[in-house]
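Written out below as structure tokens is the structure these notes cover.
Here is the naming used below: chain letters follow the sequence lines, and residue numbers restart at 1 for every chain.
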Amino acid sequence: ADAVLRVSAIPDEAPTELQRKFAPLGKYLEAQTGMKVVFTPVSDYAAVVESLATKKIDLAWLGGFTFVQAKIRTNGTAIPIVQRAEDAVFTSRFITADPTIKALADLKGKTFAFGAPSSTSGSLMPRFFLQQAGLNPEKDFKNVAFSGAHDATVAFVAAGKAEAGVLNASVWDKLVEQKKVDTDKVRVFATTPPYFDYNWTVRGDLDPALVKKLTDAFLKLDPANPEHKEILGLQRAAKFIPTKKENYEGIEKAAHSAGLLK
Amino acid sequence: MLLNPAPPRDPAARGRLSGALLALVILWPLFRAAEFKPGALFDSSNLKVIGHFLAGFLPPERGAEFLAYLGKATLETLAIATAGLALAFVLAVPLGYLATAAGREQPTLNPLSRSLLTILRGIPELVWALLFVRVFGLGPAAGVLALGLTYGGMLAKVYAEILESVDPAPAHALRHNGAGRPLAILYGLLPQASKELASYTVYRWECAIRASVVMGFVGAGGLGQLMDQAMKMLNGGEAASILLTFMLLVFAADGISGWLRRALDTPPAARASPFGWRSISFLLVLPSAIIASFHWLEIGFGELFTAGAAHSIGEFVAGFLPPDLSSDWLARVGLGIWETLAISVVGTLLAAASGLLLALPKWRAPFSFLLNTLRSVPELVWATITALAVGLGPFAGALALALHTTGVLGRLYAEALDNAPAAPGHALRLAGAPTGLSFLYGTLPGAAPQLIAYTLYRWEMNIRMAAILGFVGAGGLGQLLYFELSLFHHAQASTVIIAMLILSIAVDQTSAWLRQRLR
Amino acid sequence: MSFALDGAGLTHANGFTALSGITLRANKGERIALIGPSGAGKTSLLSVLGTALAPSAGSVEVLDFGFPGASTAGMPSFPRKRESMSANEISGVSLASRLRTRIGTIHQAPPIPGRQRVVTAVLAGKLGQWPAWKSLASLLYPLDVAGARATLERLDLADKLFARCDQLSGGQLQRVGIARVLYQQAELILADEPVSALDPALALATVHQLTADTEARGATLVASLHAVDLALNCFPRIVGIKGGRIAFDLPAGEVSEALLHDLYASEGQTLPTLANEPRFTTLAAANDPATRAACC
Amino acid sequence: MSFALDGAGLTHANGFTALSGITLRANKGERIALIGPSGAGKTSLLSVLGTALAPSAGSVEVLDFGFPGASTAGMPSFPRKRESMSANEISGVSLASRLRTRIGTIHQAPPIPGRQRVVTAVLAGKLGQWPAWKSLASLLYPLDVAGARATLERLDLADKLFARCDQLSGGQLQRVGIARVLYQQAELILADEPVSALDPALALATVHQLTADTEARGATLVASLHAVDLALNCFPRIVGIKGGRIAFDLPAGEVSEALLHDLYASEGQTLPTLANEPRFTTLAAANDPATRAACC
Ligand SMILES: Nc1ncnc2c1ncn2[C@@H]1O[C@H](COP(=O)(O)OP(=O)(O)OP(=O)(O)O)[C@@H](O)[C@H]1O
Ligand SMILES: Nc1ncnc2c1ncn2[C@@H]1O[C@H](COP(=O)(O)OP(=O)(O)OP(=O)(O)O)[C@@H](O)[C@H]1O
Ligand SMILES: [Mg+2]
Ligand SMILES: [Mg+2]
């Protein structure tokens, strides 16, 4: 088949990890669409949006906030097709290794690590909720660092480089599950209210038939099927559900109020 | 005869004193702003943390899967670096020729062509990468082009300054006999500068190997990106393996550079052709390596010259206009400039001092080993270590810059000194002067312009050093830019870029001006 | 006419006046020796003639191209042809470089990169005349080895044809600089102490080569020399320079002991008074036409 | 004894033999002129004496330190003291540099950075003797301006005390190199064509300064000179070098026209035959004791 489906994803985890996670899903999509699927992992959020906006990729795994950015950069043409059941009620976790930090208010004067600046769960939504709690990171924290990725934030906090940090709940749970974090030392002291996060988005001018095929392929994934179960497991999804642009209006508002969108 | 009149006072003394005072007045607040506290380095609890962290590097990761990945990344990196540098070279030769004052009869600061070069290398690689991704999509082409443009600007500038720093008399003599400027440079200056030009080019190739982080932005992978991740995740074992690979490559590059310098220094045989079998084979291997790299990366630049590309690029550039000049934002950028200056000045000064000390000893082996090692470890890794050592903040950033830059400047200094006229220093040693003093009195005056050029140039680079400063929470323009670019706040980003460019142009012009005054 | 200086002056950037009110003209084919004490301005004068420095006062005309005196020191902008320049005349820049290919300069310190080979250094004399491709190719493979060797042979240096210049002795390097200019075949040769590093016999032979070469081609030769005997023996016309001014301008036969004594006497300085000056007194022989003929 | 060469030879890296079988000794306080054609090996011989090059054959002893001949050229490792070296003797390196502070070398091309000021270039002569702090401080503010000026005055150059060396004329720069060595007050002065860029009067005065200085301090002077008259007039002992060997070693009074002629005659080369040699013939006067006294 000549036709190629070009796919990428925001680097909320290590690009190598993304590539590994995507491999079985890619095969599955190849079978479902009859197209060759090429996945390119990148290390910069903006590059994904930029290549979606210039039609250099067809399908992308985006965060809630990245989707809003993509929507704006494509003049509203980008279409979110599916998301994981978990993404409808996504949360971020504030973590620390400092026993004196018990609530958000204790963060005043501490050093703090976000993930990447354009991460929804590692930067935007925590910022929004911090703001609602009356904290302005740039003014109230001693130092703000951007670790660049969620697992890096945990490493920062565990090594004592930052006194507290914030990351997405899903990655935190994974790390705890895989025992990659010492929960005696690093603990969660606050969690944000739920919001809509990640989704799979296609560029607006993709053939509608193909869009339909892709959407169906995702929705067809069934935890009962062992092959599908592996794919879902790697995507850390119970199952995929349809999603729509309106779901992300809340995030867009939060981004405006946190000053991340102009 | 006069009755021994009182010795005249040194007419230069007043200027020197006021210069020294001025430097103090400027440097003092900068050191304060960088939170310069070397004591924190030797804090025992900090040392323990670092020890713990470094212990995590052992043993290096040796899993077959990882090694296979590492091997592929290494090949990719070599190909990317070779292709990128070839592109940079093609750009640098004509641009460097335009920008250099070498071989010109009217000394000039070339504000126009120098600023053009500053813009080429001053626009952050990330911006170039985002621009070219719009044309080429994700993959090596965008990255190689971004690398080629920025490195082209850097090479051109350094070529220009190397040519300016050698003895101009031979070129002038040729011009007075009617030779055109290009030929005067080739016949009069190239023989003097060839060693340094060659070794700087190899050094840039070595940088391109390390700089492949930018390639990760656009999905071209490579070692830099691998290192970036390993460090961010604090995965010591992987980091150690990658570091070892880096060191291997840096030592190899150093070896190539040394070989080239020796080859250029060997008197040719007493026959008409100056070439031996070694130079012939080198001249054959080089183009094949470049062609192979482009081929392997499947790069074609045809797409760049289509109407669609022009439109897409135009759209991207238009997004940056007009820059945000609101007073709020200007104040933030102003603060960023101040922070950046503090960190970069402290980092560069520390590096210049230690680099010079390490460049001096005659017996090179242990010192080049140390310098190579310092240089092999990317800034980001140093930042992780220094952040552990002295805590997040500007001082950690300055230290990280200082450590890596020492490795760079030490090497560049050593080669510039090696290339400086040897006779004056040698004559002083013959008269019994200790090595250090004969260096200061004999060699330094000849090498000073080149040393200053390298130092100011590294300072300019450090001003742009974005990644690590954000990483250690040190703020500065770099972090500001990265943040705003991620958020597609292009108007704000463009203000930051302009601020960076102005700083860079100022540094560049200072460099040119200082060198002209020293002439 | 080969060159004409009219009231030319030269003031350096630091305000030091190296030349003032120099009026000097020479016809095609003349051979002139410049003599004068150290710091008199001989090198400065040759630089002005060679268009390397623009005069800060007065006017200079070299090989029919005129430069007006500029108020600031520095390189001359573009020489202007005396005869009105037609509209489709070649541009000023290439005019300047065309003029310069006709002037050959031998410098006091040979300006040759140490890492260059003798053959390349000599061939460089023709860079202004060769097409670009030939000059470029000569970097890779010297295209006129025979010509370079022939020129070096005239200076007794053919055995060093492929040696690197930093492996030469002082006198050998100086002769490479001379070979380059001989190879260039310039119409006006400006030689700044061309034989200062040579032994007496070789110095004489070398000056002889220079005079014979210029005589044969009808070219003009201006040489500054410290060896007064050499100057008096080999040059028909002697110009004495002192303190940036012309002290005398006479045929060699009319240069007297007293003139020489005045020329080299220090101005009320601490120079030791000498019981007698062995070199001047012994030079009486120089004015004997027989000796002169031996050289030139 | 000041120095002794015994069968010394020097072969360069490219296999060229610049010196062979040189046996030469000098007592303290002697003044020797080296003469010989270009490329004879004068500079090479002075380099060996100045410990700049190790002989590749034979042995060298300078100021009571001996070097054995090495098979490879390059810097001598460390000079060894002739008298057995006691265990608590200072190390070889500092011994070498201590020895070298006692040797002053005037180079054929003045090895002075153009960007340096004259005062600094002169003071650099004492770097080996001054404590480090003084040398360092002198970089910022010259600590012995008076000394530097007094030395420059002897060479008629006091007015250029604070000038930059690249703003000097050729002869002025050469005198700065001489001033440095005079300032150094070395026990053995090796001068390689010290006055090649000076006019006759100044050359004589300068050689006079060198001879007077060494005579006053009982130091030894070895100078290579192209000006034969100067050599014969000012140096009691003349050593002729040709093709890397000693051609003759005689008191000045015994150096004959014929010897000089042989020394400078080219070996079957293309040098033009000269009808007569104006410089040699006119030198008869040099052997007249009255003239000699005028100089030294
Ligand atoms: N580094 C070198 N490598 C090879 N040959 C050399 C080197 N230096 C000098 N020579 C050769 O050794 C010979 C002697 O050189 P030297 O400089 O001693 O001559 P010199 O007597 O001082 O001549 P001059 O009067 O021209 O200065 C010359 O033929 C020269 O070409
Ligand atoms: N770049 C310069 N800046 C200032 N003064 C200079 C410069 N170049 C030369 N001079 C001065 O101009 C005067 C004349 O110099 P010039 O080189 O013409 O002398 P010269 O006659 O060639 O002497 P010499 O025989 O010593 O070579 C000298 O006093 C010198 O110090
Ligand atoms: Mg001169
Ligand atoms: Mg010599």
Note to self: Restricting to non-hydrogen atoms, name the atom on D:A52 and the atom on B:H426 that form the minimum distance, rounded to 0.1 Å.
What the structure shows: CB-CE1, 4.5 Å
Notebook entry, point to check: Are there more than 12 heavy atoms of other residues, nucleotides or ligands under 6.0 Å from atom CZ of B:F369?
Noted result: no
Item checked: Gap separating the OG atom of D:S138 from the CG atom of B:L440, nearest 0.5 angstrom -> 12.0 Å
Checklist line | Minimum heavy-atom distance between B:Y441 and D:T120, given as atom pair plus value | finding: CE2-CG2, 3.6 Å
Check: If you count heavy-atom pairs under 4.5 Å with chain B, which of D:L139, D:T105, D:I112 comes out on top?
Finding: D:L139
Check: What's the shortest heavy-atom distance between D:Q184 and B:A431, and which atoms?
Finding: NE2-O, 3.6 Å
Item checked: Inter-residue atom distance D:R100.CZ - B:L428.CG, 0.5 Å rounding -> 11.5 Å
Notebook entry, point to check: Would you say B:R16's side chain and D:L140's backbone share a donor-acceptor pair under 3.5 angstrom?
Noted result: yes
Next item on the list: Please state whether the side chain, the backbone, both or neither of B:P421 comes within less than 4.5 Å of a heavy atom of chain D.
Entry: neither
Next item on the list: For chain B, find its close neighbours in residues 122-131 of chain D: heavy-atom separation under 4.5 Å, sorted by number, or none.
Entry: D:A124, D:L127, D:G128
Next item on the list: Please confirm whether the backbone N or O of B:P445 pairs with a side-chain atom of D:Q116, one donor and one acceptor, at under 3.5 Å?
Entry: no
Notebook entry, point to check: Given a strict heavy-atom distance threshold of 4.5 Å, which part of B:A20 is in contact with chain D: side chain, backbone, both, or neither?
Noted result: neither
Check: Is it the backbone or the side chain of D:R117 that comes under 4.5 Å from a heavy atom of chain B, or both, or neither?
Finding: side chain
Check: Looking at OG of D:S47 and CG of B:L430, how far apart are the two atoms once the value is rounded to the nearest 0.5 Å?
Finding: 8.0 Å
Check: Could you state the interatomic distance from OG1 (D:T51) to CZ (B:R429), rounded to the nearest 0.5 Å?
Finding: 11.5 Å
